[in-house]
Amino acid sequence: MATAVQDLMSSPPVTCPVDATLTEATALMNDRQIGSVVVTDRRAIVGILTERDLLRAAATRIDPRNESVRRWMTADPDVLGLGDEVGAAWSGLTHHHYRHLPVVDHGDLVGVVSLRDLLTVAQIRPADEAGTDVPRGLEGVVVAETSVGDVRGREGFFHYRQYSAVDLAARRSLEDVWQLLFDGALPDRTGAAGFAEEVASLRGIPEGLTGQLPSLAAMGTPLDGLRTAISILGAERGWRPTLDIDHAALRSQALHLCAVVPTILTALFRLRNGKDPVDPRDDLSYAANYLWMLTGEEAPATHVRAIEQYLVLTIDHGFNASTFAARVIASTGADLAAATVGAIGALSGPLHGGAPSRALDMLDAIGTPERAEAWIRRAVTRGDRIMGFGHRVYKTDDPRSVFLRDVAREIGGELFDFAQQVEQTTVEVLAELKPGRQLYTNVEFFAGVVMHSCGIPREMFTPTFASSRTIGWAAHIMEQADDNRLIRPAARYVGPPPPQPVPAV
Ligand SMILES: CC(C)(COP(=O)(O)OP(=O)(O)OC[C@H]1O[C@@H](n2cnc3c(N)ncnc32)[C@H](O)[C@@H]1OP(=O)(O)O)[C@@H](O)C(=O)NCCC(=O)NCCS
């Protein structure tokens, strides 16, 4: 079994000169059937060019025949030593989200190791040894296959099925994207109208649950109440284990679930604030109806569209913690309600979906643009996290934040101007005090601004996120159920060595 980098690297490495064009580099990669080339200047390694770089380049309008490799490569890549352990190679690749690393021996380039090489080794290792290679928090570890969507952190790109999520938010309704996630294709005009009508008819809360809402509302936040409400819903509707039902039955349950979640959340919010729930209307779109049920008034079209775009952007986002939780529970064959309740629990944590209002709280605390720099500087120096900045996967602009910044700009107002000033100051201060960490605004920063500007109270920020994410969870639960294998990983035991004699009482 291979334990050192030299046992699994590809050698000799394929190189290309730094002044080569992208067309020449692509031809080289095609010829050799490889996913990267090491870029050299005379004999020195100056960069690495991968398929991912070529994809980034292809997404622009450049002419690859005139474009130099130098512009698109990753400059000064990390390198591995010939004798490095596989574990070091694994953390080098996964920690920085690299796919390929050059291998050197006494300063000379001798090979390339790819993530694929390492996965080959990981698959043939016994579980107790493979554990040594898994980074804490499973960062970068592939645990399933999905065709729902994915996130490419280094490129600042995410997609639902084959479409850019940002393009979908710009061009399609939430209902269209919901159908894309559930059925795998975007509807045409007739299909879209039919689906929107079908889901609008499912918004009512079943009677058995309605009576329980006041006590749920009194007990905790709308998100807390939603967990219990979904458990009641599943029991009342007789939702059976996913293991025992077919795709059509599960899809039908999932449509009911996603349609009724906004009604439950807004009812809980209103009851908690001493108001009667507002009945859903089936003549309004998902987003318009959401704002209607929240406030009891028809919202302006600009607000409806802004919230719809926010909801589209938050439907799904790779294998985030709540989606993973939903799939783990679904993999046991448990019912849709059980998997969704588990996902809501994961989402509620401040490190996941539980903190979108904190960015606005921070703006309140800063107060005025002149105070921003000193405030941020003090907070970072003290070791505090600046809310709405930084991301586990994105090491460049979060595309959701870029989009929502534009949405917020269109709505306008003082809060947007102030938020933008604070954003600029924060990025500058973080670059100075946390150099190399690549900290930019994440989805939370402008999401809070957009929701606030559209009249959504802070208490409802995370529930609004949960509402659209339920659609993503449901799509993943269906995918898991369609091709299921129990998700049951292993842990490394690090306690006192067993077996020890059991002391008598
Ligand atoms: C989102 C988040 C949890 C991702 O964390 P992560 O990938 O695990 O990153 P780490 O915790 O390893 O942080 C890496 C470095 O950047 C710093 N950093 C990360 N986010 C930061 C932030 N928002 N403000 C200040 N410093 C930050 C850390 O202090 C750490 O610095 P160090 O190397 O000196 O210790 C983190 O960026 C964060 O806490 N952001 C603020 C909360 C937030 O906006 N949450 C919503 C997420 S969508």
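Every number for a ligand or one of its atoms is a count from 1 in the order of the listing. Starting from 1, each residue takes its place in the sequence as its number.
The heavy atom nearest to atom 13 (O) of ligand 1, out of those in R385, H317, K434, is found in R385. Of the options D384, V443, L439, the smallest heavy-atom separation from atom 17 (C) of ligand 1 is shown by L439.
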Side-chain polar contacts of residues 253-265 - donor-acceptor pairs under 3.5 angstrom, sequence neighbours left out - could you list them?
{"unit_1": "H256", "atom_1": "ND1", "unit_2": "S252", "atom_2": "O", "d": "3.0"}
{"unit_1": "T263", "atom_1": "OG1", "unit_2": "R203", "atom_2": "O", "d": "2.7"}

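Expressed to the nearest 0.5 Å, how far CE of M293 lies from CZ of R270 amounts to 10.5 Å.
The distance from ligand 1 to the heavy atoms of R392 drops below 4.0 Å at these ligand atoms: 4 (C), 6 (P), 7 (O), 8 (O). Applying the 4.0 Å criterion to heavy atoms of R437 picks out, from ligand 1, the atoms 15 (C), 16 (O), 31 (O), 32 (P), 33 (O), 34 (O). For ligand 1 and E444, the ligand atoms under 4.0 Å from any heavy atom of the residue are 46 (C), 48 (S). Distances below 4.0 Å separate heavy atoms of G388 from the following atoms of ligand 1: 43 (C), 44 (O).
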Salt bridge (charged side-chain N to carboxylate O under 4.0 Å, His left out) between E432 and R377, worked out: CA-CA 10 Å; E432 182 194 324; R377 218 170 252 288; 2.9 Å; yes

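Within the 4.0 Å heavy-atom shell around ligand 1 one finds L430.
Residues in residues 168-185 take part in these side chain to side chain donor-acceptor pair (under 3.5 Å) pairs, two or more places apart or across chains: R172-D176, S173-D176, D183-R251.
Side-chain contact between L49 and L54 is present, with at least one heavy-atom pair separated by less than 4.5 Å. Residues Y160 and L168 are in side-chain contact: their nearest non-hydrogen atoms beyond the backbone lie under 4.5 Å apart.
Sparse packing is recorded around CZ of R485, with 12 or fewer heavy atoms of other residues, nucleotides or ligands lying under 6.0 Å away.
Taking distance alone, with nitrogen or oxygen atoms compared against 3.5 Å, M387 stays at or beyond that limit from ligand 1. Polar contact with ligand 1: absent for L351 (N/O pair, distance under 3.5 Å).
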